[in-house]
Amino acid sequence: MKITSRAFSRAVLLAIFSTHMGGQVHAANLTIQIYPVATIAHLIAGNAQDAIKLPEEIVTRTGQGLETICMANALYHEARGEKLNGQKAVAQVILNRVKSEAYPDSVCGVVYENAHMRNRCQFSFACDRVDDTPQESDAYEAALIMAQGAVKYGIYAEGLTPNFRDPAQTEKSQITHYHTTAVSPSWGKKLRPIKTIGRHIFYRSERVAKSIAS
């Protein structure tokens, strides 16, 4: 039997989440129904603020939880070119911000914060006024699978797992910012660099991290 790259990618992702949860989660529990990419994208792209106010409609029309959709959009636009560990680190940043008092307390709130202000939001894809409709359906499907697991169970990149017996390691897990290696933003000099994964550098902000709920 021939195994397509799409099927292989999905199998790998499901296996990773099953393993991540120490065997407590069966891969079958993470199976999701993939709806047409455009159906999800058009509900969010271009009118994020309005879309976020209508969670029930989005959930009904797409079959996906709103938080999962917002996380998937961020993973697709911010990290689809990265390997799995880089994508996981981006999701980890988003979830750390959700847990911090310095940011909104939902995935959608974090991802689309200031999305109504052009080029002044936290994640550039959300406010650059460029059509966000995903053009790579396989990549978006993979983002949805990872997003569902991350939102439901949490997620940590390799080497960035907290260890409450090791404060230094726990601090490393509290990544709060990142940027690509192609740029050098001024704020990067004010934060503690933690790890470079692929084409992204991840940082820890003391201000943000100190209010992350345990």
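One-based numbering along the sequence shown.
To the nearest 0.5 angstrom, Ser211 atom OG is 10.0 Å from Glu206 atom CD. Rounded to the nearest 0.5 angstrom, Gln92 CD and Gln174 CD are separated by 10.0 Å. Between the OH atom of Tyr103 and the CD1 atom of Ile94 there is a distance of 11.5 Å, given to the nearest 0.5 Å. Rounded to the nearest 0.5 angstrom, Leu95 CG and Glu67 CD are separated by 9.5 Å. For the atom pair CG (Leu191) and CZ (Arg207), the distance works out to 9.0 Å, reported to the nearest 0.5 Å.
Heavy atoms from other residues, nucleotides or ligands lying under 6.0 Å from CD of Gln169 number more than 12. Within 6.0 Å of atom CZ in Arg129, more than 12 heavy atoms from other residues, nucleotides or ligands are found, so the atom counts as buried in its surroundings.
In this structure, the side chains of Met146 and Leu84 come closer than 4.5 Å at one or more pairs of heavy atoms. You'll find the side chain of Ile175 reaches within 4.5 Å of the side chain of Leu160, heavy atoms only. Considering only heavy atoms from C-beta on, Arg192 comes within 4.5 Å of Ile194 through its side chain.
Of all non-hydrogen atoms in Ile212 and Ser100, the two that sit nearest each other are CG1-CB, 3.9 Å. Closest non-hydrogen pair, Cys121 versus Asn114, comes out as CB-O, 3.5 Å. When all heavy atoms of Glu171 and Arg204 are compared, the pair lying nearest together is O-CD, 3.1 Å. Residues Gly86 and Phe202 approach most closely at O-CZ, 4.1 Å, considering heavy atoms. Between Ala91 and Ile155, the shortest heavy-atom contact is CB-CG2, 3.7 Å. Nearest heavy atoms, Ala147 versus Met71: CB-CG, 3.6 Å.
Classified by interplanar angle (parallel below 30°, tilted 30° to 60°, perpendicular above 60°), the ring pair Phe123/Tyr178 is tilted. Between Tyr76 and Tyr140, the ring planes are perpendicular. Angles over 60° get that label, and only those under 30° would be called parallel.
For Gln87 (side chain) and Glu78 (main-chain N/O), no donor-acceptor pair under 3.5 Å exists by modelled atom type. In this structure, Thr180 contributes its side chain and His200 its backbone to no donor-acceptor pair below 3.5 Å. With hydrogens and angles disregarded, a donor-acceptor distance shorter than 3.5 Å links the side chain of Arg97 to the backbone of Thr176. Side-chain N or O atoms of Gln122 include none that pairs as donor or acceptor with a backbone N or O of Glu113 at under 3.5 Å. Here the side chain of Ser106 pairs a donor or acceptor atom with the backbone of Gly109 at under 3.5 angstrom. Side chain of Glu82 to main chain of Val90: no donor-acceptor pair is present (N/O by atom type, distance under 3.5 Å, no hydrogens or angles).
Residues Ile201 and Val93 fall into different hydrophobic clusters, defined by Ile, Leu, Val, Met, Phe, Trp and Tyr side chains chained together at heavy-atom separations under 4.5 Å. Under a hydrophobic clustering in which Ile, Leu, Val, Met, Phe, Trp and Tyr are joined whenever their side-chain heavy atoms come within less than 4.5 Å, directly or via other members, Tyr112 and Val208 fall into the same cluster.
No option in Lys195, His179, Lys190, His177 other than His179 meets the side chain to side chain donor-acceptor pair (under 3.5 Å) test with Tyr203.
Between the side chains of Ser173 and Thr161, no donor-acceptor pair is found at a separation under 3.5 Å.
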